[in-house]
Amino acid sequence: VIEAPMRVRVAETVLRGFRRRALKVFPREWMETCWGRVTPQGIDIFAFHPIDHKGTRNECQYVSSDIDAQRDEEAPEFKLELLGTIHSHPDAMDTPSYADWETTVSDKEIISGIYQILRGQKGKRKFTRVRFYSGAVHEMEVTRC
């Protein structure tokens, strides 16, 4: 169990990569798994990896066993822990939906990330914000490295 508040550290380049991939499919949602380590100081995310899913404007549909397969097959190779998932919320809130909380708990995710994408004036520029949440607890502080 993670006690809040806890800090999530993630490299700016890792976040930019996710942003690029999420904007490519905008206005559909995009989802990836989060890889890193839990330390006494917080959670360090070193990579995001795509997962098979179908994104619509309002949801990501995926098969939980695909996440388990990544955990079983890729964790030993990367020597990292599968921490959870991150997905985009195009033109929506930066907080998890009820369905997001349910899948976070059922998939036994340590963290869940929401990457909010908002359209700027006249739809030209897009603004983004990332938030991470742990289990059924609280929002976590994010540090970009």
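Not measured: the values here are computed from a predicted model. Atom set for the values below is all heavy atoms of this structure, side chains included, hydrogens, waters and symmetry mates excluded.
Remark: Thr95 engages no residue in a side-chain hydrogen bond (donor to acceptor under 3.5 Å, both in side chains) (not counting sequence neighbours). Taking the side-chain hydrogen bond (donor to acceptor under 3.5 Å, both in side chains) definition, one finds that Ser97 meets it with Asp100, sequence neighbours left out. In this structure Gln116 satisfies the side-chain hydrogen bond (donor to acceptor under 3.5 Å, both in side chains) test together with Arg129, sequence neighbours excluded. Remark: Gln61 pairs with Lys54, Glu59 by the side chain to side chain contact (heavy atoms under 4.5 Å, CB included) rule, at least two apart or across chains. Scored by the ring-ring contact (aromatic ring centres under 6.0 Å, His included) test, Tyr62 finds no partners at all (sequence neighbours excluded). In this structure, the side-chain hydrogen bond (donor to acceptor under 3.5 Å, both in side chains) partners of Thr85, at least two apart in sequence or on a different chain, are Glu109. Applying the side chain to side chain contact (heavy atoms under 4.5 Å, CB included) criterion to Asp44, with sequence neighbours excluded, gives Arg9, Thr39, Phe46. Under the salt bridge (charged side-chain N to carboxylate O under 4.0 Å, His left out) criterion, Arg21 pairs with Glu32, sequence neighbours left out. By the side chain to side chain contact (heavy atoms under 4.5 Å, CB included) test, Arg19 pairs with Leu23, Tyr115, Thr128, sequence neighbours left out.
Tracing side-chain contacts under 4.5 Å through hydrophobic residues (I, L, V, M, F, W, Y), one never reaches Ile51 starting from Val63; they form parts of separate clusters. Following chains of ILVMFWY side-chain contacts shorter than 4.5 Å, one can reach Phe18 starting from Val25, so the two form part of one hydrophobic cluster.
Screening Ile45, Ile114, Ile43 for a side chain to side chain contact (heavy atoms under 4.5 Å, CB included) involving Phe132 leaves a single residue, Ile45.
How far CD1 of Ile117 is from CZ of Phe127: 13.0 Å, rounded to the nearest 0.5 Å. For the atom pair Phe26 CZ and Arg119 CZ, the distance stands at 4.0 Å (nearest 0.5 Å). Interatomic distance, Asn58 CG to His89 NE2, rounded to the nearest 0.5 Å: 9.5 Å. Note that the CD1 atom of Ile86 and the SG atom of Cys34 stand 5.5 Å from one another [nearest 0.5 Å].
Residues Ile111 and Tyr133 form no side-chain contact, since every pair of their non-hydrogen atoms from C-beta on lies 4.5 Å or further apart. Side-chain contact between Val130 and Val10 is absent, with no heavy-atom pair separated by less than 4.5 Å. A heavy-atom distance below 4.5 Å is found between the side chains of Pro50 and Trp30. Counting heavy atoms from C-beta outward, Glu29 and Pro90 have side chains that approach closer than 4.5 Å.
In this structure a side-chain-to-backbone donor-acceptor pair under 3.5 Å is missing from His53 to Cys60.
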Steps toward side-chain contact (heavy atoms from CB on, under 4.5 Å) verdict (Ile67, Met31): CA-CA 11 Å; Ile67 292 176; Met31 179 180 183; 4.2 Å; yes
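Here the shortest heavy-atom pairing between Leu83 and Gly36 reads CD1-N, 3.6 Å.
The environment of CG in Asp52 is sparse: at most 12 heavy-atom neighbours from other residues, nucleotides or ligands sit within 6.0 Å.
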